[in-house]
Each structure stands twice: as C-alpha cells, then as structure tokens.
Asks: 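Provided herewith is a single structure, encoded as structure tokens, for subsequent inquiry.
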Protein chains: 2
Amino acid sequence: MAKIDEVARVAGVSISTVSYALSGKRPVSAATRQRIELAVRELGYSPNAGARMLAGSQTNIFALSEPLRADSHAPSHMAFMHAMTVAARRREYDMLLLTDEDASAGMKRVAASGLVDAVLVLDVAPDDPRVAIARASATPTVFVGIPDDHGDLVCVDLDFESAATQAVDRLVDAGHERIGLIGGSRRAYEKSNFPPRVRDTVVTRAAERGATATAVASGEIVTDRALVRQAVRRFVDDGVTGIVLHAPEEVAQVVLVELEALGRRMPDDVSIVSVGSSFDTDSLPTPIDSIPLVPQSSCERAVDLAIELVAGRPVASGLHLISPTYLDRGSVAVRPLP
Amino acid sequence: MAKIDEVARVAGVSISTVSYALSGKRPVSAATRQRIELAVRELGYSPNAGARMLAGSQTNIFALSEPLRADSHAPSHMAFMHAMTVAARRREYDMLLLTDEDASAGMKRVAASGLVDAVLVLDVAPDDPRVAIARASATPTVFVGIPDDHGDLVCVDLDFESAATQAVDRLVDAGHERIGLIGGSRRAYEKSNFPPRVRDTVVTRAAERGATATAVASGEIVTDRALVRQAVRRFVDDGVTGIVLHAPEEVAQVVLVELEALGRRMPDDVSIVSVGSSFDTDSLPTPIDSIPLVPQSSCERAVDLAIELVAGRPVASGLHLISPTYLDRGSVAVRPLP
DNA sequence: TTGAAAGCGCTACCAT
DNA sequence: ATGGTAGCGCTTTCAA
C-alpha cells in the first residue's frame, strides 16, 4: 500500500506531478512520465479510493439498480448485469449492486452519501417507482428501458417499434398475408414496457402493409406449454404462414416442436422471425431469423450516457433508441402459392 | 448534501460529538443525541462515503467475485448474488460486483485501492485461481465453496457429506437396498468441488449401511434429456427403488416424467431425495424430499465471517460447514415387499 | 460528557 | 513543465 508521496520520492518529482502524470490532466514530459511509471510499478502503487473520492469529484463507481424478484427471468437479468459491468469496466468504472426490495432506498442512500457518480436502472417497469427517485436526485440516472412517464429522463432501449416493423415487413415482403404474433406472459405485458409496443406495432404495420389478417396470441405461456401449442395450432388452422415471436427462449422451442408435430415445415410452410429476444436464436435446434435485444449494445450506450452526464456534458433527455439488426438465419421463405 | 459541521451547528454541539453520536463509539447524553438526530433528519444529512473511507478504516463495501461465464447456470448464480447482497445490507454493507474475465485482476484492483473491506468469492472451482490472489492479498477473503487447497482459507459451504449421508440413510431406513444417484453434467464434476463429494459419500454410505447395490449415473445430462431418461430406465431395470438426485431443476423434471412413462409411481414404487439443490423442490409438479443448498444460509455465514475478519477478530481458517436440513415432502416411502 | 484539532491520501489551484 | 499547498469531510486522539 504505497502512497503517492513515496512514488513522488522514488521518481524524484513532486506529488502533484505524479497525480497529473497518472490522470493525464496536465502535460508531463516523456522522461518524467517514464520515471513515474517505473516508480508506480516498482512500488505496486494504487491510488487510495477514499482519498480520490474525497479530493476529486468522482468516485468511479456506478450503482446498478436491479430489484431481483423471485419471479424474474434470471438469464436475461444476468445477461444485462454482466453486460453492464463489462461496459462500465471499459470506462474504468466499478459497479455497485443495488438489489434492495425497496429500490428507492438504495438509490437514495448511495446518492446521498456520494458513493456513486451515477445510477444505472435496469428492468424498468411502466410505472417504475425509481422514476420519482431519479427526478428528486441530483445524481445522474440512466434508465435501460422506458417508463411511461419519461419526458425528462435519459432512457436507452432497443427500438422495438422499428424491430417489429422490420419483422412484419420481412414477412410481408415474402408474400405472407396472415401473420401471427406469439408474445410472452400476461405478466410481461403489465410489468414491462415493450411487449405492448411490439404487439401494437406488429398489428398496425401489418394493416399498413395490407396483410389480410393479424392474429395475436399471448398469455401465461411460459408456465404452460399447452397454451403455446394451442396458439400455434390455431394459427395453422387460420392459414397463418408468418409468425412473429416475442417471447422467452423456452417458447421458441415449443413453437418449433409443435410445428413439427403438425407436419408443418419451417420455413417452407411457416416462416418465423423472433423480435427482441436476448437469447441466441442461433443455438436453437433450428436457427430462426431474429432481431435481437443485445444487452451489450444497450449497456454500452447507457454507460456512455452516464459518463457524459457525470462529466457535466449535455445529454439529450428522452429516448435513446438502439437501431435493431436483422439476423438472417433462413427461417423466412417466400410464401408458397396456396 | 449537508455536511457534518452543519449538523453540529444546528444541534449546537461540536463536530466530534456528532460523529460519536452517529457511530456510537463514545457515550453521548440522551439529550444531546436527540438534538443531533433531529438536526440530521432536518438537514437530510448523510455522511460522505469518501471522507469516511479516508478518515476511518472501513469502506463498508464488500466485493463479490463471480466470473459470469456464458455457460454458467444463471438462476443459481442469481440466487447467490442476491442472497449475498441482502446479507451484506443487513450488516450495513454495500456490494461491489467483480465479474472480470480475469477474476484476479478485479480482486487485486479493489484490494490495492482500499475500495473494499473484504472480498466474497462465489462459484469456487477446485483449482480456483482466486485462491492464490487471496493468499497474496491483505484484504480479508471468504470463499463460498471449497477449493482443493484450502488449508489456510476461510471457506463456507453446505455440509454435502452430511447431506448425502442423510439422504442415503433416509432411503435405507425405508428399506431401500438399491440406490441410484443421478448427478449433474460431466462439466459440473470437473468445475465444481461438491458433486464428486456427494457421489463418493453416497456410494460409501450406502456400502456402510449394507445397501446391496449403488448405481451412479452422470453425464452431459442437462443438455440431453435422453441420457437422464436412459439412466432412469436402467435404474428401474436394475431394481433400484431409491434415487438420490444431485442435479439441476430440469433434470428433476425429466426424472419424474420418465418414471411416470415407465408406469412407476412416486413414492410407491420409487422413492426420491434431492441433495444440494438450490431450487425449490416444492414447486415441482410432484414435490420431492430435499436437502437443499440454501444460498441465504451460506451467504449470511460468509458475510458474518467477513465482518469478523474486517474487525480483526480471530476466525478459524478452514471449512465452515452449514448443517443441512431435511425437508420431508413425502417422496420417500417404505419399500414395498418384492 | 464534550470540544479542538491533527491527520487520512489524494486533487487541483496558484505559483514558478 | 513542474512544485507547493490548501482543502475535500470525516474519524479519532488528546484535553478539558
């Protein structure tokens, strides 16, 4: 635990020069910098975090607010937490985990004590209570997800409207006139913001493109495979030839199995596109086209925005939408003539 | 962001009295304390984290080392991370997330900068590289899980030997003479420390108790339901009437389904006990007896130990085993006469 | 029971 | 390009 004055002594320079050499906030001659770096390595010097926080204005710590409910989908949450910590580390930031039952308490605490430079909010609900905290707090806050009332907040999210539009267009372009959407659980539609957005966009866009009919199916699907299978059967009966999937990985599996059971081949008989999945549709038994929700993209953007806010640079409040990418896996085929 | 001197002024006392009143490290008269508490609330005072770290000796932050690999079982990891942060919060500690690819780098960094008071290590491998870091570091470290070479480390874990013994005993006591063990994936047996311990204990204990035969099945089961089903079929053919399960939730499901497919009822024909599962066997379609690995217990113990170490109080190095609890769900029945 | 003041180890301003 | 040094907001002696 060498301190900065030791480094200065060994390098034969002043304390301030060491500080500036390390922060780069003031030019230091190459020769001096060399000697300092050498001394740093020799002594295994690492600046004291507390002293930095106190003297400087930054803590180099972000808080990650993610209330871990028992019913939450662990893999997605993990993916986002991981992506976020990795994104933060790239910018020299550490991540403090806020999982309190009462998310507000944690956010208040770390903000009041100046422990973190900014708060990153995951798993955002439409009526998220953390919105109020963010507004009342002087600590910069970035939401990954879009609460209902977000006018003055900084929010990052996949552009689900664009994604849904692209999915529908791809299917319609291939001649599919009847499209079916399989969504997630009823709970997802209430707790989360984007499932309704995807649903509405799919319906609207299909109508715009003159797709004859658009069926929508959703329910407590995850816990009940039967519901999914039933939905698939109804689609097939109704002459649906294009399916948009906006549901967890397990659902995708079930759909594929059921189609096979019904003797429908993919993509020859039925085409499928997955929208906003955070899992890898490539590793499904049969890969399917996908417009994925890539945690990495959202998280890197969120961290970048947080850093801008911390630096006091202007950031547009409102939505920061990530442009979706269409991954072609061959699960959309031109509709066979009836 | 009121500061301590403001609180002192409002309360009409000195700065040091405020500090002592809040820390409780020196007796303060009831009247004075009241005035201070009032002032604190009035001003919404919250001590500055950086100043505390610098002046005091503690940061009130723990680091949680958990390398999040893509292949790791998200739900268990989440459960442990959550349990750990909750346990820490109870003791006024915040949790810093260390998920670096190179776990060692993160541990070195936070230790060197004095950012955290202690490191809590999750998902411990037999030959875990973090063992070396812990040894080389002055920062207290507590492992949840047991590396091969753990003589001088502080490790917390479920007493898997005891759990496995209890499971076997329960089955043997019920008259089962042929016991089958279904373990996790081959990878789990290499990457983790306890699967082999459970396997060996089951085999040994069964022999001790004079159980006529003990079959062991394990393999890349998670990814391949067929393997599990095959194992179950072999068990049934071999006259196994008691099954010990030591595998992820999905495997339990498959076993239940396969038994039903074979026309074997549970527990009338075959008894089952799950050992060391961190999921809730109660919520399976058919509840089964279980000796669960409760993240909460391990994590609270780990946090307590960390706090002892931080306080400089003596802590026995070596294993701190959590006593297992047998949960009776009615999945073990007396063996029917052949 | 309380107060005064000396640090804790940095950053960043003001000099040179 | 470099150095001196005044804080940052606490904790904790040392005194009273």
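Owing to the predicted nature of the structure, the values given are computational and were not obtained by experimental measurement. Convention: sequence-line order gives letters A, B, ...; per-chain numbering from 1.
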Asks: Are OP1 or OP2 of D:dT2 and a side-chain N or O of A:T17 less than 4.0 angstrom apart?
Replies: no
Asks: Side-chain N or O of A:Y45 less than 4.0 angstrom from OP1 or OP2 on C:dC10?
Replies: yes
Asks: Would you say B:K3 places a side-chain N or O within less than 4.0 Å of OP1 or OP2 belonging to D:dC10?
Replies: no
Asks: Could you check A:T32 against B:P47 and say which one's nearest nucleotide on DNA chain D is further toward the 5' end?
Replies: A:T32
Asks: Just do the salt bridge (charged side-chain N to carboxylate O under 4.0 Å, His left out) check on B:R130 and B:D128 with the steps written out, would you?
Replies: CA-CA 5 Å; B:R130 294 170 293 180; B:D128 208 297; 2.7 Å; yes
Asks: If the cut-off is 4.0 Å, is A:K25 near the phosphate of C:dA12, judged by side-chain N/O to OP1 or OP2?
Replies: yes
Asks: Any base atoms under 4.0 Å from A:S23, or only sugar-phosphate, or nothing? Heavy atoms, all strands.
Replies: nothing
Asks: Hey, which of these two, A:R26 or B:L54, hits DNA chain D nearer its 5' end, going by closest nucleotide?
Replies: A:R26
Asks: Could you work out which one of C:dC10, C:dA12, D:dG9 sits closest to the side chain of A:A55?
Replies: C:dC10
Asks: Regarding B:S19, tell me which of base, sugar-phosphate or nothing describes its non-hydrogen contacts under 4.0 Å with the strands shown.
Replies: base
Asks: Let me know the distance between CD1 of B:I15 and P of C:dT1, rounded to the nearest Å.
Replies: 21 Å
Asks: Enumerate the residue pairs fulfilling ring pair (Phe, Tyr, Trp, His ring centres under 6.0 Å) with a member in residues 84-122 of chain A, sequence neighbours excluded, ordered by first and then second residue.
Replies: A:F62-A:Y93
Asks: Name the closest nucleotide to the A:S57 side chain, picking from C:dA12, D:dT2, C:dT2.
Replies: C:dA12
Asks: Distance alone, cut at 3.5 Å: any donor-acceptor contact between the side chains of A:T59 and A:D117?
Replies: yes
Asks: Looking for any heavy atom pair under 4.0 Å, which part of the strands does B:S16 touch: base, sugar-phosphate only, or nothing?
Replies: base
Asks: Might you point out which heavy atoms bring B:S192 and B:P126 nearest each other, and give the distance in Å?
Replies: O-CG, 3.6 Å
